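Before any comments, here is the structure.
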Amino acid sequence: MVDDLGYECIGSYGSTSYSTPNINKLAETGMQFNQAYAQPLCTNTRVKLMTGKYNYRNWTAFGILDPGQKTFGHLMQEAGYTTSIVGKWQLQSYDPIEYPGSELRRGTGMEVQNAGFDEYCLWHTGHTEDKGSRYANPTIYQNGEFLTNTDGKYGPDIFSKFLNNFVNKQNGDKPFFVYYPMALTHDPFSPAPGSEKWNNKDRRFENDTSNFKGMVEYTDKIVGNIIENLERQGIRDETLILFYSDNGTHQKIYSKTKAGMIQGGKGLTIETGIKVPLIANWPGHIKSGQITDEFVDAIDFLPTILDVAGQQIPENLLTDGQSFLPVLKGEAIKRRDWIYMSYNPKPGVGKDNFHPAEFVFNKNYKLYGDGRFYNIEQDKLEKKVLSDADISQGASKTKARFKVLIDSLKKYPSYGWFERIDPAFDSLISKNARIDLVAQGFKWSEGPVWLPREKTLLFTDVPENKVYQWNDLTGLSLYLYPSGYTGPKIEPWVKGGKGANGLNLDPNGSLILCQQGDRVISRLTSLTDSLSPKYAPFITNYQGKKFNSPNDLTFDDSGNIYFTDPTYGLKDEKGELGFSGVYFYSHQGGAVKLLDKSVEFPNGVAVSHDGKTLYIGDSNIKFPKIYAYDILSPGKIANRRILFDATKLREQSISKQCPDGIKLDKHGNLFFAGPDGVLVVTPEGKHLGTIKTDKATGNCEFTEDGRYLFIVSDDMLLRVNLKPYAK
């Protein structure tokens, strides 16, 4: 599997820029696939290739392979094959120390010695900063030791020599499986041996696109050396060779073809980013000179390799792929005539400019998860989105079919719907957005906060006195207990004894909790295990009197806290204050200041991005509303006015819910829990639409990039991809 080599670079596919006689001969004497595809970036393809699964099932982060996965190396070992991997690993630890959140991912991937390979010779098996060169004077980890004699040598030569030696050791009578994820032709674009630049030791580390031609042609030379060695060993006819690539060519590279000049599309979801060469050669089994339009994706290699080995896919192993061995043999078989891709390049250093995507396509048309539809046969660069009025009846049927495929190939069931009142709603939430039900079974979910480094959501179950955590990889688990009432155990749980409600992160990243049961606001100081949290209460009273039931809080840009303290958390108990309050806490002196005690039931709270407006949700059943105040200075407010009156909506709703938690999107729009879902309202109070749950809904939270919104609604945790699959 070549690194960063699109189909347009191979002579048999029409390239005129590079000489690839050995690869061309594989095609001439074997089978060439004209509809072979890979993910737009390498880790996405490698994880998919080795495990046979769509990325949404087991993706963790860029440069990481989940160590709990089973690879085709493991499966071939179980099938009695001796296995080897040579070339590029880069699946154990990718992010450098300084990259945000790297401490949560460094060293979390699969170590090659556990990946299912008896022998290995690899580059980039540890941390990114230790990877060294892959080309001149390479850093190579071979069977448990780093090579010490690589000065003056070329990495790809070491890899191919190791591969050939491994083959030779089998003596022609041991079945073997070799996976060769090449270092070539990835940047840096360095000189290859035999070139004038390589002969000058001072120029061997130059990085210039002019060297790309030599890198492609050296790739072809290595392919020729491997084939020659198989022939010398007398096992060429017994060996299936699959030649593939992990994604399209680097965007800096322009290649001439018989069809014209083509720019590389690595990282992009257009054809030049995902269409790659695939050639299969197996003398005596695959007829010479065949060209096929059968669709092949990275998921298809694992079942094909097992099929070749005469092995069934284990019952406990899920694979999304389909074997293409019958295609190689020329047997009639009905396979899928489309490709589905779930692509997420994040998190990972250097991937900030790449965006998740989801799409289905065939030879003619392509549908993205956000509704964009293209005629890719005529519009390969995807410049014109086709509206329903632009397409034929046949294309319309294809689009409908693709939509069903996208809806069915998803990790979570859908729930709820969108009420679109104003056209501006569509600019905030795609018409093709869906609401995912990611967890359920709670008594009353509340207080969500997103941890950007951990890519994890924390939220409370107030009656259970617990905080849960959820992420897309590991799902739901208990984060801590108890959360808000830390006194003596109460059986049965009495009215007024409650867990934490609102959560937030302070400027240092510490978890802050509104602890309703203890009637304080605290900082989590220690969590050795989920049942041993330690807290430091720091907002404990107002003028010596206990709070009622601190409900929600938010920080301004200076680290000051605005919070609400309604009485309804007390239930039948009598509070010491005698009123509900909206408060300010200064991060400098630690003073608590009462801002407003006339709000009947203060609930959700938010501060505008410019720090000039305070928003408070009032859960007054008789007059549910959102208040807005001018912030004159930190802790000083004026000009209270009603921003949004929810009375009629509540009366007409199923849930009879009043305004609850409030979050702001990057434009300053309010997303607040209210009647039957999450309402979207402009800073001027205009209702644009509602994310409908048709249930009592407590709060919501954005991810740091604003792409996802989490919603806690009664017994459920929901997730909305607001602007899915943007280019």
Side-chain angles (χ1 to χ4, degrees), residues 1-3 5 9-13 15 18-33 76 81-88 117-123 134-135 138 140 142-143 147 150 152-185 191-195 198 213-245 277-290 305 308 328:
M1 184 174 70
V2 191
D3 199 350
L5 190 79
C9 297
I10 303 300
S12 63
Y13 284 86
S15 174
Y18 320 103
S19 176
T20 56
N22 294 302
I23 300 170
N24 296 348
K25 188 175 180 180
L26 283 178
E28 292 164 6
T29 59
M31 178 178 287
Q32 176 172 300
F33 289 77
M76 292 301 278
Y81 281 67
T82 304
T83 61
S84 179
I85 179 173
V86 301
K88 170 182 170 181
F117 298 98
D118 299 308
E119 296 192 26
Y120 53 86
C121 178
L122 294 164
W123 169 80
R134 74 192 82 184
Y135 296 130
I140 295 178
Q142 181 173 301
N143 291 340
L147 300 184
T150 64
K153 296 182 179 180
Y154 189 58
D157 284 340
I158 296 174
F159 300 139
S160 59
K161 182 178 180 180
F162 182 91
L163 186 158
N164 287 336
N165 288 339
F166 170 81
V167 168
N168 298 346
K169 284 192 299 184
Q170 311 314 311
N171 297 317
D173 56 9
K174 293 182 181 179
F176 62 83
F177 170 63
V178 177
Y179 174 37
Y180 183 8
M182 302 183 80
L184 289 164
T185 57
S195 66
W198 175 267
K213 182 176 188 295
M215 297 171 76
V216 174
E217 294 177 356
Y218 209 86
T219 299
D220 184 78
K221 178 182 177 180
I222 289 174
V223 171
N225 289 339
I226 292 171
I227 295 171
E228 289 174 8
N229 185 65
L230 292 170
E231 291 172 346
R232 284 194 300 269
Q233 298 300 311
I235 57 172
R236 178 64 188 91
D237 291 354
E238 301 174 40
T239 308
L240 168 63
I241 296 175
L242 298 173
F243 179 90
Y244 184 59
S245 179
L278 172 58
I279 298 168
N281 192 288
W282 193 3
H285 298 268
I286 299 174
K287 293 181 180 179
S288 295
Q290 294 190 82
I305 289 166
V308 172
L328 302 181

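If you're wondering where the values come from, they're calculated on a predicted model, not measured in any experiment.
Remark: K221 engages no residue in a side chain to side chain donor-acceptor pair (under 3.5 Å) (not counting sequence neighbours). Take S19 and apply the side chain to side chain donor-acceptor pair (under 3.5 Å) test, not counting sequence neighbours, and it matches no residue. Checked against side-chain contact (heavy atoms from CB on, under 4.5 Å), S15 has the following partners two or more places apart in sequence or in another chain: S17, Y18. Among residues two or more places apart in sequence or in another chain, the salt bridge (charged side-chain N to carboxylate O under 4.0 Å, His left out) test is passed with K153 by none. In this structure, the side chain to side chain donor-acceptor pair (under 3.5 Å) partners of T83, at least two apart in sequence or on a different chain, are D118.
Under the 4.5 Å side-chain criterion, counting only non-hydrogen atoms from C-beta, M1 is in contact with Y179. Side-chain atoms of C121 and I140, non-hydrogen and from C-beta on, do get closer than 4.5 Å to each other. The shortest distance between side-chain heavy atoms of I222 and F159 does not fall below 4.5 Å. Using a 4.5 Å cut-off on side-chain heavy atoms (C-beta onward), Y13 and P277 make contact. Side-chain contact check for F162 versus E119: some heavy-atom pair is nearer than 4.5 Å. The shortest side-chain heavy-atom distance between W282 and V308 falls under the 4.5 Å cut-off. Residues I85 and P181 meet the side-chain proximity criterion, which asks for heavy atoms closer than 4.5 Å. Side chains of L328 and M31 form a contact here, defined as non-hydrogen atoms less than 4.5 Å apart.
A side-chain hydrogen bond (donor to acceptor under 3.5 Å, both in side chains) check over residues 234-245, counting only residues at least two apart or in different chains, returns the pairs R236-N281.
Taking every heavy atom of both residues into account, V2 and T185 meet most closely at CG1-N, 3.9 Å. Pairing each heavy atom of V223 with each of L26, the nearest pair is CG1-CD1, 3.8 Å. A pairwise comparison of heavy atoms in P156 and R134 identifies CD-O, 3.7 Å as the closest pair. When all heavy atoms of T150 and P138 are compared, the pair lying nearest together is OG1-O, 2.7 Å. Heavy-atom minimum distance, F33 versus A280: CE1-CB, 4.3 Å. Between S12 and N24, the shortest heavy-atom contact is N-OD1, 3.0 Å.
Once rounded to the nearest 0.5 Å, the distance linking CD1 of I241 with CD1 of I23 reads 11.0 Å. Summarising the geometry, atom CD belonging to E217 is positioned 11.0 Å from atom SG belonging to C9; distances are rounded to the nearest 0.5 Å. The OG1 atom of T219 sits 4.5 Å away from atom CE of M182, with the distance rounded to the nearest 0.5 Å. A distance of 11.5 Å separates CG of D220 from CG of L184, quoted to the nearest 0.5 Å.
Within a 6.0 Å radius of NZ in K169, other residues, nucleotides and ligands contribute more than 12 heavy atoms.
At least one donor-acceptor pair under 3.5 Å links the side chain of Q170 to the backbone N or O of F166. Although no hydrogens or angles enter the test, the distance criterion places a donor-acceptor pair under 3.5 Å between the side chain of T20 and the main chain of G11.
Each of Y135, Y154, Y218 was scored for a ring-ring contact (aromatic ring centres under 6.0 Å, His included) with W198, with one residue passing: Y154.
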Subject >> Residue pair L240, I286: steps toward the side-chain contact (heavy atoms from CB on, under 4.5 Å) verdict >> reply: CA-CA 9 Å; L240 168 63; I286 299 174; 4.1 Å; yes
**OP:** Determine, stepwise, if the pair Y120 / N143 fulfils side-chain contact (heavy atoms from CB on, under 4.5 Å).
**Re:** CA-CA 5 Å; Y120 53 86; N143 291 340; 4.0 Å; yes
**OP:** Verify side-chain contact (heavy atoms from CB on, under 4.5 Å) between I226 and V178, making sure each step is shown before the conclusion.
**Re:** CA-CA 11 Å; I226 292 171; V178 177; over 6 Å; no
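Defined by atom type and a distance below 3.5 Å, a donor-acceptor pair is missing between the side-chain atoms of N225 and N164.
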